[in-house]
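Down below is the structure, laid out as structure tokens.
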Amino acid sequence: MYRTKTCGELRLADAGQTVTISGWVQRIRKMGGMTFVDIRDRYGITQVVFNNEVDAALCEEANHLGREFVVQITGKVAERYAKNPEMPTGDIEIEAQTLTVLNRSEVPPFTIEDESDGGDDIRMKYRYLDLRRPCVRANIELRHRMTMEVRRYLDSKGFLEIETPMLVGSTPEGARDFVVPSRMNPGQFYALPQSPQTLKQLLMVSGMDRYFQIVKCFRDEDLRADRQPEFTQIDCEMSFVNQDDIINLFEGMAKHLFKELRGVELTEPFIRMPWADAMRLYGSDKPDLRFGMTFVELMDVLKGHGFSVFDNAAYIGGICATGAANYTRKQLDQLTDFVKRPQIGAKGMVYARVEADGNVKSSVDKFYTQETLQELKKAMNARPGDLILILSGNDVMKTRKQLCELRLEMGRQLGLRDKNKFACLWVVDFPMFEWSDEEQRLMAMHHPFTHPKDEDIPLLDTDPAAVRADAYDMVVNGVEVGGGSIRIHDSELQAKMFEILGFTPEKAQEQFGFLMNAFKYGAPPHGGLAYGLDRWVSLFAGLDSIRDCIAFPKNNSGRDVMLDAPAALDQKQLDELNLAIYIRDKE
């Protein structure tokens, strides 16, 4: 046996036992005639002591160990003289009797510790070493525990775990597909699934009733902190359900995960906020409710006083930052620069301080009387010591989104976005469609299979842009962790939806004929949702990016720098696939 105990399980009660452990050398310290070696495995760290007076030859061997050597050590467990309360094994040490080097190691390119000296690029290149760091390993362990709890919960609710294929047909809606050439069908391509959407609907037609799958999905889109080209969904679908049935069941699952994995008991029902209210009050369809600072529309108060920026605006909105009137001019200038960044796009920012005596001092004082500024204070429900921040613009939704970024930044600066506090809600009643300037047509906000709210179905013929969807997203701390909808199960309504989205009957039949034909054979009412597993884990782990809860992630350019992928194919492979490569010049 390579070991009788792991490096994380020995305690004072084990003193006197002779044990064997195996693992990696974390660090070596020499003190007088003693050499102390910390041995690490997945389960923890154990200190081993080599005594020159007891066995000089063995101690000399230990002095030649290097970081990340793989070793096997046998010895007696003893109470530690200088205990370390920071370590679970800190009350004991092993007095070494034998040492076997199982594998030597070159000096690693960065320290294998929580506070590593390795930057992102080097750690991703040597990800197999990065995964040895306890903080990264803990994220992978959390991910494992979450998938086990998800399976346990859904199994208890009668769900079947069913696999769907990875090689499917390409669909025109949504993000770009990753495509795979078919050797046996020259000139034709599979696509990797963006989600198993149509397949899980077919499982409902087949009578499976309750399906789930923890499944890889692929989208060829620009990357950011919460997005990878391949990601994992907890994908679910149910038959004979309405929106309340789905929300209640999966709210229960969320509460189960919070309790089991974070020890957080959520007893109150999650807020259900209409999409229109979320945009009006927070400028986002994934509002962070850990703090207030809701938007106040100020057109009635500030328009028509000779300040052209406001007088010509289609929207004027403000937020009130409690207790922030002490912000310096430098800090306010930095906030102005923040909202003027290209990623946000505001042209400027107006601020007003409520002073201790109740008077209001603003950056546009020359246009407004104190009487008007008092109206502003009242509208904002501001008190002495508060700071009012105002944005305006010609595009209502765009300006709200800019104000949302400002609100989130103020929440960060004021310490209101505590990662150990959780604010959960459902955003409901999304618009069915959104206008695409690029395509010059209405696009499905979610996907073409989303059911419109029953009361809005007549508007499909007269005002499709006003139709609301039976769709819902779960949001936690400003992160969309999952979303779904009731699906269309009627082939005539589905055909109408394709028509509005610009599909000819022939094109709809070509792309989705298999689904529309299936609906003709008795499709049940059905609906479901998908959670982003990576986002759930990163939220529970308190991470800013999903990358550190994925074993082998891609970088921001979509590259795996460890495997050096993607890479060119050799000519023989291209010939077998009947492919020729032509790279267009960049415009």
Side-chain angles (χ1 to χ4, degrees), residues 138-164 195-197 199-201 203-204 206-217 226 231-272 286 420-428 471-477 479-487 524-543 546 549-551:
N139 297 336
I140 302 303
E141 291 173 347
L142 174 62
R143 186 186 182 100
H144 163 75
R145 295 200 307 276
M146 181 170 286
T147 58
M148 295 302 290
E149 289 301 332
V150 165
R151 286 190 165 97
R152 188 174 294 118
Y153 180 88
L154 292 177
D155 179 64
S156 75
K157 301 297 182 183
F159 283 76
L160 300 177
E161 184 170 10
I162 304 173
E163 293 180 349
T164 53
S195 84
Q197 181 58 50
L199 294 161
K200 66 182 180 181
Q201 290 191 252
L203 287 171
M204 296 303 101
S206 71
M208 290 297 118
D209 194 66
R210 292 189 171 196
Y211 140 95
F212 87 98
Q213 185 180 190
I214 298 176
V215 60
K216 280 286 186 188
C217 300
D226 62 350
F231 57 96
T232 306
Q233 280 186 183
I234 305 166
D235 200 52
C236 309
E237 199 78 4
M238 305 166 68
S239 294
F240 303 110
V241 289
N242 59 29
Q243 180 172 296
D244 282 347
D245 295 326
I246 294 172
I247 284 179
N248 289 335
L249 189 142
F250 287 99
E251 185 172 312
M253 187 177 89
K255 290 177 176 177
H256 174 78
L257 294 175
F258 270 107
K259 183 177 179 181
E260 294 298 321
L261 300 176
R262 281 300 305 251
V264 174
E265 190 116 26
L266 301 175
T267 56
E268 295 297 318
F270 292 0
I271 293 169
R272 298 190 192 182
K286 45 182 187 293
N420 292 311
K421 179 181 176 183
F422 298 99
C424 309
L425 75 150
W426 293 95
V427 176
V428 298
Y472 34 84
D473 282 354
M474 183 185 284
V475 178
V476 182
N477 292 1
V479 176
E480 177 203 328
V481 294
S485 66
I486 299 298
R487 323 299 188 190
H526 60 284
L529 86 173
Y531 282 119
L533 176 64
D534 312 300
R535 290 185 184 180
W536 262 123
V537 178
S538 64
L539 187 79
F540 276 24
L543 303 172
I546 65 173
C549 64
I550 298 172

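Side chains included, hydrogens not; waters and symmetry mates left out as well; all remaining heavy atoms used. On a predicted model such as this, the values are computed, not experimentally measured, just so you know.
Residues meeting the ring-ring contact (aromatic ring centres under 6.0 Å, His included) test with Y211, sequence neighbours left out: none. Listed by chain and number, the residues in a salt bridge (charged side-chain N to carboxylate O under 4.0 Å, His left out) with R143 are D534 (sequence neighbours excluded). With sequence neighbours excluded, the residues satisfying side-chain contact (heavy atoms from CB on, under 4.5 Å) with H144 are M148. Residues passing the ring-ring contact (aromatic ring centres under 6.0 Å, His included) test with F422, sequence neighbours excluded: F258.
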With side chain to side chain contact (heavy atoms under 4.5 Å, CB included) as the test, would you mind laying out the steps for V476 and W536 before giving the verdict? CA-CA 9 Å; V476 182; W536 262 123; 4.3 Å; yes
Give the C-alpha distance, both sets of side-chain angles, the deciding distance and a yes or no for side chain to side chain contact (heavy atoms under 4.5 Å, CB included) between L533 and V150. CA-CA 10 Å; L533 176 64; V150 165; 5.7 Å; no
Where do R272 and D244 land on the side chain to side chain contact (heavy atoms under 4.5 Å, CB included) test, with the steps shown first? CA-CA 11 Å; R272 298 190 192 182; D244 282 347; 2.6 Å; yes
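Counting only heavy atoms from C-beta outward, the side chains of N242 and D245 approach each other to under 4.5 Å. Under the 4.5 Å side-chain criterion, counting only non-hydrogen atoms from C-beta, R151 is in contact with I214.
Taking CD of Q197 as the start and OG of S485 as the end, the distance is 6.5 Å to the nearest 0.5 Å. For the atom pair L257 CG and I234 CD1, the distance stands at 7.0 Å (nearest 0.5 Å). In this structure, OG1 in T147 is found 9.5 Å from CZ in R152, a value given to the nearest 0.5 Å. Here the straight-line distance linking atom CG of L539 with atom CG of N477 works out to 5.5 Å at 0.5 Å rounding. To the nearest 0.5 angstrom, D235 atom CG is 14.0 Å from K216 atom NZ. Once rounded to the nearest 0.5 Å, the distance linking SG of C236 with CD of E161 reads 10.0 Å.
Of all heavy-atom pairs spanning M204 and S239, the tightest one is SD-OG, 3.1 Å. Smallest separation of non-hydrogen atoms from I246 and L529: CG2-CD2, 4.4 Å. The two residues Q233 and S195 make their nearest non-hydrogen contact at NE2-CB, 3.9 Å. Shown here for Y472 and I486, the closest heavy-atom pair between the two residues is OH-N, 3.7 Å. Taking each heavy atom of I546 and S538 in turn, the nearest pair found is CG2-OG, 3.8 Å. Listed here is the closest heavy atom pair of P196 and V215: CG-CG1, 3.9 Å.
Using a cutoff of 4.0 Å between basic side-chain nitrogens and carboxylate oxygens, E251 and K255 are scored as salt-bridged.
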Could you list the donor-acceptor pairs under 3.5 angstrom formed between side-chain atoms of residues 153-160 and any protein atom two or more places apart in sequence or on another chain?
| unit_1 | atom_1 | unit_2 | atom_2 | d |
| --- | --- | --- | --- | --- |
| Y153 | OH | L249 | O | 2.8 |
| Y153 | OH | M253 | N | 3.3 |
| S156 | OG | Y153 | O | 2.5 |

Side-chain polar contacts of residues 261-270 - donor-acceptor pairs under 3.5 angstrom, sequence neighbours left out - could you list them?
| unit_1 | atom_1 | unit_2 | atom_2 | d |
| --- | --- | --- | --- | --- |
| R262 | NH1 | F540 | O | 2.8 |
| R262 | NH2 | N420 | OD1 | 2.9 |

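Residue K200 forms a side chain to side chain contact (heavy atoms under 4.5 Å, CB included) with just one option from Q213, R487, M208, and that option is R487.
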